[in-house]
Every structure is written in C-alpha cells, then in structure tokens.
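Numbering starts at 1 and runs along the sequence shown.
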Amino acid sequence: MENKIIEVHGVRKNFSTGFFRKKINTALDGVSLFVRKGEIFGLLGPNGAGKTTLLNIISTQLLPDKGSVKMFGKETTGLSMHELSGLKSRINMCSGNPNFPWSLTVEEILKYYSMLYGCKLSACGNNVNALIKTFELEKYRAARYDRLSTGTKQRLALAKSMINKPEILLLDEPTIGLDPDIARKLRAKILEINKKTNTTIILTTHYMKEAEELCGRIAFIKNGKIKALGTKAELKKKTHAKDLEEVFMDLAK
C-alpha cells in the first residue's frame, strides 16, 4: 500500500472580482493528486495556473469550495481548533520574495517564529543557533532584515520554514530571482533536507533545471486543471520531449 501523506480529491476554488459586476475566476477546477511520504513532488505550470492556490489550500490557509484534502490520513476541513493547531505544527511553507518585519535581526526573526510554534524563548536558543549555522547565516545574526541581500533573505526564509522540523514542507518558487550560484546552493540544501530528514516536499518552480534536479514526480497544471502527472521520464515520453523545458513548452500550449 502506498504511503500517501497528502491526498487531494476533486478540489475546486473560485475567486470573485469586481463589485457591481462580479466576475468569477476559477483557480482550481477538480484537482486530484497524492504525495508520498518522503518524496519531492513538483508542481509546474504557467503563471496563474493555480499552483500557489493549491499550496495555500494544502497548508490550510485557504478552504476549498469543493473537494477535500487529507494530510496524515485526516481531512483538513472540519477540524477543531486544537486539531488544526496540531496539524499546522507538522507543516511549514517557504515562498519566494519573503517578507519579514524589516527592523528585526536574523536571530530575532527566528526566535519570534520559534515562539509562534510554541517554543519558550528560554528554550529556543539551541534550535535557532543550529538553523543559523545550517543555513550559513552566522555573520548576519545581528543584521536587520532590511539590510540583507535577496539571497540571504531567501536562506533566512528557508531556515524559518524548518523552525518546527516539519514533516511536510511547501516551497513556492524558493529560488526565484536569485543568482545562479545562490540558487544552486539553495537547491543543494533542499535536497539535503529531504535526504537527511525524510521531509516530504512540494515544490513549485518555473526553473526546469530545478525541477529536473529535485523532483521525482511532477504534476503539470494549466487553467486550474492537471494536464499531466507522472515521473520526469513519463512526462518526457508522453510529450516526446528530450528535457523538462520541452515538456513545459508542449503542455503549456
């Protein structure tokens, strides 16, 4: 039996725009997929395809209009506040272009989020120190957030996402806008996290090299629907492509 840690069944999500003449935009239209424990699962698709909306629903920040999501064998809707809090303590999310309080230092930001996850200030020091070391933030420990480079901000965001040692990590374009050498280091760190901790990761990206390097199975989403799902080899075979860039170009038509 497959060890499914995330199950998405027929999820639909609409958003309305306008005031007098409301227009309904469908972000997700009957999306179904599952993610196995310990895998790095990729979500690819053009801008506006619904990738971030799906991550927000999985992370319980949004509720689906229809369909259901299961994590750890339990549906995420209809949970009590206590159950929802317990679920959120087992997941975390990191997005590109992070935004933290501008005047806090790297250390203060990590301590703040540690406390949000229930760690007492007197006890969170060791965890914060370990994260600062792991993500090579030592020399930025006392630096204010607004004085960090884009790459350092992204490393801090990834460090924050590991503050609770999540079993599920959602990464929404984590290397967007980074220099190639910094992006390469972050990809290596993501792979290391997955291998060392068996953390289940869902990754959205527009960089096909990143998907090629990190992801096992991939779902391609367009207009809120899954157009293709499979391993890299299966998607290449399906589209008669030699690489994921050609796969993307074919499926995005």
Short N-O contact, [X] and [Y], less than 4.0 angstrom:
| X | Y | value |
| --- | --- | --- |
| D65 | R12 | no |
| E192 | K189 | yes |
| E212 | K236 | yes |
| E75 | K70 | no |
| K111 | E107 | yes |
| K133 | E138 | no |

Would you mind reporting whether [Y] and [X] have side-chain heavy atoms less than 4.5 Å apart?
| X | Y | answer |
| --- | --- | --- |
| I57 | K13 | yes |
| L158 | P174 | no |
| M93 | D172 | yes |
| I168 | M71 | yes |
| L169 | M162 | yes |
| Q154 | P98 | yes |
| R217 | L229 | yes |
| T53 | F15 | yes |

Between [Y] and [X], is there a side-chain donor-acceptor contact under 3.5 Å, judged purely by atom types and distance?
| X | Y | value |
| --- | --- | --- |
| E173 | T204 | no |
| N194 | T199 | no |
| K165 | N92 | no |
| Y113 | N164 | no |
| E210 | T175 | yes |
| N47 | H206 | yes |

For the NZ atom on K238, are there more than 12 heavy atoms of other groups (residues, nucleotides or ligands in this structure) within a distance under 6.0 Å?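 Atom NZ in K238 is not crowded, with 12 or fewer foreign heavy atoms closer than 6.0 Å.
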Y112, OH: over 12 other non-hydrogen atoms inside 6.0 angstrom: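 For Y112, atom OH is not crowded (no more than 12 foreign heavy atoms under 6.0 Å).
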Between [X] (side chain) and [Y] (backbone), is there a donor-acceptor pair under 3.5 Å?
| X | Y | answer |
| --- | --- | --- |
| E108 | R144 | no |
| T152 | L148 | no |
| S85 | M81 | no |
| D243 | E245 | yes |
| T26 | D29 | no |
| E246 | K242 | yes |
| T134 | L131 | no |
| K227 | L251 | yes |
| S16 | K22 | no |

Grab the two heavy atoms, one from [X] and one from [Y], that are nearest each other, plus how far apart they are.
| X | Y | value |
| --- | --- | --- |
| R155 | F135 | NH1-O, 3.1 Å |
| I91 | I58 | CD1-O, 4.4 Å |
| N56 | S59 | O-OG, 3.1 Å |
| F220 | P46 | CZ-CD, 4.0 Å |
| G151 | I182 | CA-CG2, 3.9 Å |
| N198 | G38 | OD1-CA, 3.3 Å |

Taking the six-membered ring for Trp, are the ring centroids of F34 and F41 within less than 6.0 Å of each other?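 No, too far apart.
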As a quick check of understanding, evaluate side-chain contact (heavy atoms from CB on, under 4.5 Å) for R36 and I5, giving each step before the final call. CA-CA 5 Å; R36 300 185 184 96; I5 195 169; over 6 Å; no
Kindly work out whether a path of hydrophobic side-chain contacts (I/L/V/M/F/W/Y, heavy atoms less than 4.5 Å apart) joins [X] to [Y].
| X | Y | answer |
| --- | --- | --- |
| I221 | I176 | no |
| M115 | V128 | no |
| L33 | L214 | no |
| L87 | I163 | no |
| I193 | L137 | yes |

Please assess K37 against K4 for the test side-chain contact (heavy atoms from CB on, under 4.5 Å), listing each intermediate value before the final yes or no. CA-CA 6 Å; K37 181 176 175 58; K4 300 176 183 178; over 6 Å; no
May I have the step-by-step check of side-chain contact (heavy atoms from CB on, under 4.5 Å) for I202 and L171, ending in yes or no? CA-CA 6 Å; I202 300 182; L171 302 178; over 6 Å; no
Within 45 degrees of the ring normal and closer than 6.0 Å to the centroid, is that where the cationic atom of K153 sits relative to Y145?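 Yes, a cation-pi geometry.
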Please assess T200 against V35 for the test side-chain contact (heavy atoms from CB on, under 4.5 Å), listing each intermediate value before the final yes or no. CA-CA 8 Å; T200 303; V35 181; 3.6 Å; yes
